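Presented below is the structure to which this report refers.
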Amino acid sequence: MMVQCKISAIKGIQLHEWITRFLFGGAVCVLAGLMAKWFGAEFGGLFLAFPAIFPAGACLVEAHERKHKARAGFDGTQRGRTVAGVDAAGAAMGCVGLAGFALVCWLCLRHWSAAVVFALATAVWFAVSLAVWRLRKSRLFRRRGRNAAGHAFRPS
Amino acid sequence: MTEYIIRFLVGGAVVSFFAVLAEMLRPKSFAGLFSAAPSIALATIGITIARHGAAYAAIESRSMILAAVGFLVYASACSWVLMRRKVRALTVTTVLLPVWFGVSIGLLWILGAAR
């Protein structure tokens with residue numbers, strides 16, 4: 001399956017969506033720092049893998065798909081939810097890479113410079129996430145015909 | 001106070017960057033990978049190292065592995081519900097958020113007790 005990058009999709013993002021993401025992302029980073037300060041590094045570290053983008057992203061995916069279908073004269077409610085479900089499945093696969101990122105940081109931060117560790121950890125995150133995604137898309141796990149939701153569709 | 005202002009600004013920028021990246025990519029299952037990007041970690045670990053040292057950041061990173069497992073369970077549960085039940089994404093992702101917290105804190109407690 002070909003991966004596409006639609007730069008034009010940026011135009012579809014409204015101002016309030018930009019602001020929501022910025023405020024939420026900033027707030028979670030402050031929260032992570034405060035949790036570490038109040039309850040220690042072990043507890044605060046949990047918030048480094050807080051689902052910061054995911055809930056807002058899933059809601060926006062759902063809304064965009066619904067609007068897209070509505071413009072064509074269809075009720076896109078169920079399709080919006082299904083595409084949000086596909087997005088969530090992708091996030092679950094990305095979590096394996098996220099764990100890889102954290103593992104590299106844990107093992108290497110005491111020994112190497114932060115810049116080198118960040119570069120390596122980010123590469124590991126992307127490589128592992130991509131490998132899991134490719135594996136999920138491979139013939140080994142591919143379902144034939146209708147998907148689990150019970151209706152044939154190809155998420156855009 | 002300056003540390004938290006920097007955290008807020010850098011965190012907001014990095015999270016927005018990954019969110020926009022996810023918006024541009026197709027198919028959606030691939031874009032979803034970026035919903036689990038290490039955005040908060042990238043934004044804050046550098047500040048943590050500068051303030052508390054690399055050993056402190058390494059301890060945080062160890063907990064992050066457990067939280068990533070919690071995120072995996074949470075995202076899988078969200079996907080399952082969205083695919084099979086007629087519920088809005090906002091409701092599902094909000095109501096199931098305690099799953100992330102429960103699994104993460106549970107694993108931290110189990111591994112902490114085992115040490």
Side-chain angles (χ1 to χ4, degrees), chain A residues 1 3-7 9-10 13 21-23 25-26 28-30 32-33 36 41-42 44-46 48-55 57-59 61-62 81-95 98-99 101-103 105-106 109-110 114 125 129 133 148-149 155-156, chain B residues 4 7-9 11-12 14-16 18-20 22-33 35-46 49 54-69 71-72 74-76 78-79 82-84 89-90 93-94 100 104 108:
Chain A
M1 184 179 282
V3 173
Q4 293 175 320
C5 183
K6 283 188 175 177
I7 307 285
I10 296 175
I13 305 172
R21 284 162 168 170
F22 186 87
L23 293 179
V28 172
C29 288
V30 171
E42 282 203 335
L46 294 178
L48 296 182
F50 184 82
I53 307 173
F54 172 67
C59 297
V61 163
E62 182 190 33
R81 286 170 187 162
T82 309
V83 176
V86 171
D87 185 69
M93 290 181 250
C95 288
L98 189 65
F101 177 96
L103 185 70
C105 287
W106 176 39
L109 269 177
R110 290 174 215 255
W125 161 71
S129 300
W133 182 76
S156 57
Chain B
Y4 292 102
R7 272 179 185 268
F8 184 82
L9 295 175
V14 175
V15 167
S16 300
F18 278 107
V20 169
E23 193 72 27
M24 291 192 304
L25 292 166
R26 299 287 186 280
K28 276 294 161 197
S29 61
F30 181 78
L33 298 178
S35 296
S39 49
I40 301 170
L42 283 170
T44 61
I45 287 181
I49 291 170
Y56 189 92
I59 295 169
E60 283 196 343
S61 303
R62 189 179 58 196
S63 296
M64 189 185 162
I65 300 171
L66 308 180
V69 177
F71 195 168
L72 177 93
Y74 163 68
S76 302
C78 286
S79 177
L82 282 165
M83 294 279 209
R84 287 167 178 80
L90 179 65
T93 53
T94 310
W100 167 78
S104 305
L108 187 67

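Labels below follow one simple rule: chain letters A, B, ... track the order of the sequence lines, proteins then strands, and each chain is numbered from 1. All of these numbers come straight from a predicted model, not from anything done at the bench.
- Note that the CZ atom of B:R62 and the CG atom of A:L103 stand 12.0 Å from one another [nearest 0.5 Å].
- When each of A:A36, A:A114, A:A52 is checked for heavy-atom pairs under 4.5 Å with chain B, A:A36 comes out on top.
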Report task. Would you check, one step at a time, whether the test side-chain contact (heavy atoms from CB on, under 4.5 Å) holds for B:M64 with A:W106? Result -> CA-CA 9 Å; B:M64 189 185 162; A:W106 176 39; over 6 Å; no
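- Between the side chain of B:S39 and the main chain of B:V15, no donor-acceptor pair closer than 3.5 Å is present.
- Nearest heavy-atom pair, B:K28 versus B:E23, reported as atom, atom and distance to 0.1 Å: NZ-O, 4.0 Å.
- In this structure, B:I59 and A:E42 have side chains that are in contact, with non-hydrogen atoms separated by less than 4.5 Å.
- Across B:F18, B:Y74, B:F71, the residue that shares the most heavy-atom pairs under 4.5 angstrom with chain A is B:F71.
- Residues meeting the side-chain hydrogen bond (donor to acceptor under 3.5 Å, both in side chains) test with B:R7, sequence neighbours left out: B:E3, B:T48.
- If you tally non-hydrogen atom pairs under 4.5 Å between each of B:T94, B:V20, B:I49, B:L66 and chain A, the highest count goes to B:V20.
- Both the backbone and the side chain of B:L72 come within contact range of chain A, judged by heavy atoms closer than 4.5 Å.
- Interface check for chain B: of the options A:A92, A:A41, A:G25, A:A99, the most heavy-atom pairs under 4.5 Å are formed by A:A41.
- When B:A19, B:A54, B:C78 are compared by the number of non-hydrogen pairs under 4.5 Å with chain A, B:A19 comes out ahead.
- The distance from the OG atom of B:S35 to the CG atom of A:L98 is 11.5 Å, given to the nearest 0.5 Å.
- Comparing A:I7, A:V30, A:L23, A:V28 by how many heavy-atom pairs each has under 4.5 Å with chain B, the most go to A:V30.
- Both the backbone and the side chain of B:S76 come within contact range of chain A, judged by heavy atoms closer than 4.5 Å.
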Requested in this report: Would you check, one step at a time, whether the test side-chain contact (heavy atoms from CB on, under 4.5 Å) holds for B:L33 with A:M93?
Outcome: CA-CA 6 Å; B:L33 298 178; A:M93 290 181 250; 3.8 Å; yes
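- Contact of B:S104 with chain A is made through backbone and side chain together, with heavy-atom distances under 4.5 Å.
- Heavy-atom distances place both the backbone and the side chain of A:F54 under 4.5 Å from chain B.
- Ranked by non-hydrogen atom pairs under 4.5 Å with chain B, the options A:C59, A:A89, A:G94, A:A102 are led by A:A102.
- Between chain B and the residues A:G57, A:A32, A:A58, A:A88, the most heavy-atom pairs under 4.5 angstrom are made by A:A88.
- Heavy atoms closer than 4.5 Å to chain A are found in the side chain of B:A43, but not in its backbone.
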Report task. Given side-chain contact (heavy atoms from CB on, under 4.5 Å), test A:T82 with B:M83 step by step and report yes or no. Result -> CA-CA 5 Å; A:T82 309; B:M83 294 279 209; 3.7 Å; yes
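- Ranking A:G44, A:A84, A:G33 against chain B, the residue ahead of the rest is A:G33, based on heavy-atom pairs under 4.5 Å.
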